[in-house]
Amino acid sequence: MALLKRPTKATVDDEGRMPLMEHLRELRNRLVIALLALVVGTVVGFFVFDPVWAFLKEPFCETGAAQQWRPNQCTLVAGGIFQSFFTTLKVSAMVGILVSSPVWLYQIWAFVTPALYRNEKRYSMAFLAIAIPLFLGGAALAYIIMDTSLAILLGFMPADTVAAIQINEYLDYVLIMLVIFGVSFELPLMLVFLNVIGVLSHATVKKHRRTVVFLMFVFGAVITPGGDPVTMMALAAPMVILYFLAETVIYLREKRRPQDPDALLSDDEAAPLNLDD
């Protein structure tokens, strides 16, 4: 189809970059492919809704509030006629995003790659391969501590009240937790990437270390839905560990480089920026 036609070599100039219109056409085509993959993944999610929903509601079922309506049964409340439909759609979309992730992640990478310099392209696939496990690791940690977080939040309810937790509210909480933890685990990787492309130096990372660590704990307290200390520590502590790991990688990488990096730059490489001045 003409819509999905990829740009040929003739559309790329001598410097390896596409004209603006070709660049926009490439963006449109890759968005269409990514959206089609997402739709197919969502359809798949519709057929596996039951086991996925059972998995997602398990943290709530571990709390005492889950059995207040019906003894020995985990119960959530549907607060509207259309709430069941939108719950099914939302869960199916979650599965669709996960199932189609190799496709849309590749489309992002393939679109960004032509704008990178040769030395940056060498690292792009490695960063992509690391980014996926980091996101999944963060989401997995969020799922593991979610029952404890919910128990703390629901524990503030007076003894003579019943928790009528609606399905959409709980699902929104789960989505926010998974996304926040997953994306937060990507931040140290971004530091390494900025160092690779010459924007961030180890001296800058070291200089602002204490401030960044403090802000990570503030971020953990503010960004988490409940703001409870368990969730805050569960988010901030791994981020700090990953931050120090990223700083170590940056330090070792700069230590292996020549003292004058400009001397060995190729014609299409950008000189690193000094942000300390």
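Here the structure is a predicted model, which is why all the values come from computation and not from measurement.
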Counting C-beta onward and ignoring hydrogens, is there a side-chain heavy-atom pair between [X] and [Y] closer than 4.5 Å?
X	Y	result
M239	F219	yes
F86	N168	no
L175	K90	yes
M146	L178	yes
Y170	L150	yes

Where do [X] and [Y] come nearest, in terms of heavy atoms and distance?
X	Y	result
F217	M233	CE2-SD, 3.6 Å
A37	S100	O-CB, 3.4 Å
F55	Y143	O-OH, 2.6 Å
P188	A246	O-CB, 3.5 Å
D147	P59	CB-O, 3.4 Å

**Prompt:** Is there a donor-acceptor pair under 3.5 Å between the side chain of W104 and the backbone N or O of I33?
**Reply:**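 No, the answer is negative, given that no donor and acceptor are paired below the 3.5 Å cut-off.
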**Request:** Output yes when a side-chain donor or acceptor of Y251 lies under 3.5 Å from a complementary backbone atom of K206, and no otherwise.
**Result:** no
**Message:** Quick one, L235 with S184, criterion side-chain contact (heavy atoms from CB on, under 4.5 Å). Give me CA distance, side-chain angles, the key distance, then yes/no.
**Reply:** CA-CA 8 Å; L235 177 61; S184 298; 3.7 Å; yes
When rounded to the nearest 0.5 angstrom, what distance separates [atom1] in [X] from [atom2] in [Y]?
X	Y	atom1	atom2	result
T87	K57	OG1	NZ	12.0 Å
T211	F214	OG1	CZ	9.0 Å
I145	M177	CD1	CE	4.0 Å
H208	L215	NE2	CG	11.0 Å
E26	Q107	CD	CD	8.0 Å
L141	L136	CG	CG	12.5 Å

**Request:** Decide yes or no on side-chain contact (heavy atoms from CB on, under 4.5 Å) for T88 and W53, but give the supporting numbers first.
**Result:** CA-CA 9 Å; T88 302; W53 173 244; over 6 Å; no
Do [X] and [Y] sit in one hydrophobic cluster, given that two such residues count as connected whenever their side-chain heavy atoms are within less than 4.5 Å of each other, even indirectly?
X	Y	answer
V103	V44	no
V249	V199	yes
L200	V213	yes
V32	V43	no
F244	I130	yes

**Message:** With a sphere of 6.0 Å drawn around CZ of F46, does it hold more than 12 non-hydrogen atoms of other residues, nucleotides or ligands?
**Reply:**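 Not more than 12 within 6.0 Å, no.
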**Message:** Could you go through M94 and T42, starting from their C-alpha distance and side-chain angles, then the distance that decides it, and tell me whether this counts as side-chain contact (heavy atoms from CB on, under 4.5 Å)?
**Reply:** CA-CA 8 Å; M94 290 175 58; T42 302; over 6 Å; no
**Salt bridge present between R209 and E247 (N-O < 4.0 angstrom)** = yes
**Message:** Run L191 and N195 through side-chain contact (heavy atoms from CB on, under 4.5 Å) and show every step you take.
**Reply:** CA-CA 6 Å; L191 295 179; N195 177 257; over 6 Å; no
**Item:** Donor + acceptor pair across side chains of S201, T204 (<3.5 Å)
**Value:**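 The answer is yes; a qualifying pair exists.
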**Message:** The test is ring pair (Phe, Tyr, Trp, His ring centres under 6.0 Å); show your working for Y173 and F60 and say whether it passes.
**Reply:** CA-CA 11 Å; Y173 173 81; F60 173 74; over 10 Å; no
**Message:** Would you say the ring centers of F181 and F135 fall short of 6.0 Å from each other?
**Reply:** no
